[in-house]
Amino acid sequence: MHEDGNGGGGHAAAPGPASGVDQPGFLALERELTVLLRRARASQGEMAREVHPDLEPSAYGLLVRLDECGTQRATELAAYIGVGKATMSRQLRALEELGLVAREPDPADGRAWLVALTEEGHGRVSRVREARRARYAGRLADWDPAEVVELARLLHQLNRGMERW
């Protein structure tokens with residue numbers, strides 16, 4: 001299989017050149033994003049194991065969200081991650097059992113739950129995130145700092161645009 005993830009099989013009908021999708025820039029973007037996303041999935045699994053050996057890779061993003069935003073309603077977390085209430089409830093139960101999060105009833109709405117990192121969870125997530133940033137710094141040491149800032153700006157712009165999909 002090629003690095004871009006395309007197995008060389010049949011191709012779906014593509015829009016004509018007038019649409020712009022056949023431009024070299026979009027072809028390169030597709031290829032590079034495919035590689036980046038594959039590596040990100042692998043990295044997420046590694047980060048999850050570093051937080052706790054029994055942590056599911058999909059739960060790592062949930063812990064990062066709580067680390068960045070603080071206490072959240074379970075329904076807000078489910079919407080952010082893009083999962084249903086049942087899936088979120090199962091993930092939160094597993095995270096509670098690992099001692100990484102705590103849930104308590106929302107005083108403003110007794111039907112809702114508030115979720116927060118425990119002290120243990122915060123410490124573990126913080127250590128892993130610091131180590132991750134150190135790896136980025138090492139791998140990008142030969143980049144101009146302005147290029148790193150520009151990459152972060154462009155990725156932010158891309159992520160904002162993808163929220164509208």
Side-chain angles (χ1 to χ4, degrees), residues 1 3-7 12 14-15 19-21 25-133 135-136 148 150-165:
M1 182 179 271
E3 183 77 356
D4 66 2
N6 294 330
S19 68
V21 298
F26 287 110
L27 293 171
L29 176 64
E30 177 192 19
R31 181 177 49 254
E32 297 305 327
L33 281 177
T34 299
V35 172
L36 178 67
L37 293 172
R38 181 182 50 76
R39 288 182 178 155
R41 278 190 296 274
S43 177
Q44 186 170 354
E46 292 170 16
M47 299 298 153
R49 284 187 297 279
E50 288 179 31
V51 170
H52 193 284
D54 297 329
L55 184 65
E56 291 182 28
S58 61
Y60 179 74
L62 181 63
L63 295 175
V64 169
R65 177 70 175 186
L66 288 168
D67 189 45
E68 290 180 348
C69 299
T71 302
Q72 303 247 291
R73 282 186 172 191
T75 52
E76 292 171 327
L77 290 168
Y80 175 78
I81 300 294
V83 298
K85 286 194 263 184
T87 299
M88 180 56 55
S89 182
R90 182 186 60 77
Q91 281 190 336
L92 291 176
R93 241 187 333 274
L95 291 171
E96 277 184 303
E97 289 172 8
L98 295 175
L100 302 174
V101 302
R103 288 190 288 181
E104 61 183 46
D106 183 346
D109 180 354
R111 301 167 296 166
W113 290 91
L114 294 176
V115 182
L117 287 175
T118 61
E119 190 174 319
E120 175 74 13
H122 177 71
R124 287 176 179 246
V125 170
S126 293
R127 282 190 297 279
V128 170
R129 293 186 77 198
E130 285 176 29
R132 185 182 201 183
R133 286 191 303 273
R135 282 194 295 271
Y136 289 153
V148 175
E150 179 66 2
L151 176 60
R153 185 191 70 76
L154 290 170
L155 288 171
H156 177 74
Q157 184 176 335
L158 176 65
N159 285 324
R160 277 198 354 253
M162 290 185 148
E163 287 174 1
R164 293 188 289 255
W165 284 6

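Both backbone and side-chain heavy atoms feed into the values below; hydrogens, waters and symmetry mates do not.
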Q) Does Val148 have any side chain to side chain contact (heavy atoms under 4.5 Å, CB included) partners at least two apart in sequence or in another chain, and if so, which? A) Leu140, Trp143
Work out which heavy atom in [X] is nearest to a heavy atom in [Y]; give both atom names and the distance.
{"X": "Gly99", "Y": "Glu120", "answer": "O-CB, 3.9 Å"}
{"X": "Gln44", "Y": "Ser58", "answer": "NE2-CA, 3.8 Å"}
{"X": "Thr71", "Y": "Ala116", "answer": "OG1-CB, 3.5 Å"}
{"X": "Ala102", "Y": "Thr118", "answer": "N-CG2, 3.9 Å"}

(Q) Taking the side chain as everything from C-beta on, heavy atoms only, tell me whether Pro57 gets closer than 4.5 Å to Arg41. (A)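 Pro57 vs Arg41: side chains apart.
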(Q) Tell me every residue that passes salt bridge (charged side-chain N to carboxylate O under 4.0 Å, His left out) with Arg93, counting only those two or more places apart in sequence or in another chain. (A)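 For Arg93, no residue satisfies salt bridge (charged side-chain N to carboxylate O under 4.0 Å, His left out) once neighbours in sequence are set aside.
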**Q.** Partner set under salt bridge (charged side-chain N to carboxylate O under 4.0 Å, His left out) for Arg49, not counting sequence neighbours
**A.** none
Distance-only check: which donor-acceptor pairs under 3.5 Å involve side-chain atoms of residues 59-70, not counting sequence neighbours?
from  : atom 1 : to     : atom 2 : distance (Å)
Asp67 : OD1    : His122 : ND1    : 2.9
Asp67 : OD2    : Arg129 : NH1    : 3.0
Glu68 : OE2    : Arg129 : NH2    : 2.6

Q) Is there a donor-acceptor pair under 3.5 Å between the side chain of Thr34 and the backbone N or O of Glu30? A)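 Pair found, side chain donor or acceptor close to backbone of Glu30.
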Q) Which residue pairs pass the side chain to side chain donor-acceptor pair (under 3.5 Å) test with at least one member in residues 101-117, sequence neighbours excluded? A)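 Listed once each, the pairs are Arg73-Asp106, Glu96-Arg103, Asp109-Arg111.
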Supply the atom-to-atom distance [X] [atom1] to [Y] [atom2], rounded to the nearest 0.5 angstrom.
{"X": "Leu33", "Y": "Arg31", "atom1": "CG", "atom2": "CZ", "result": "11.0 Å"}
{"X": "Glu150", "Y": "Leu155", "atom1": "CD", "atom2": "CG", "result": "10.0 Å"}
{"X": "Leu114", "Y": "Glu76", "atom1": "CG", "atom2": "CD", "result": "8.5 Å"}

**Q.** Residues which pass side chain to side chain donor-acceptor pair (under 3.5 Å) with Asp54, listed by chain and number, not counting sequence neighbours
**A.**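 None.
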Q) When you look at Glu46 and Arg135, which way does the salt bridge (Lys or Arg N to Asp or Glu O under 4.0 Å) test go after all the steps? A) CA-CA 13 Å; Glu46 292 170 16; Arg135 282 194 295 271; 5.4 Å; no
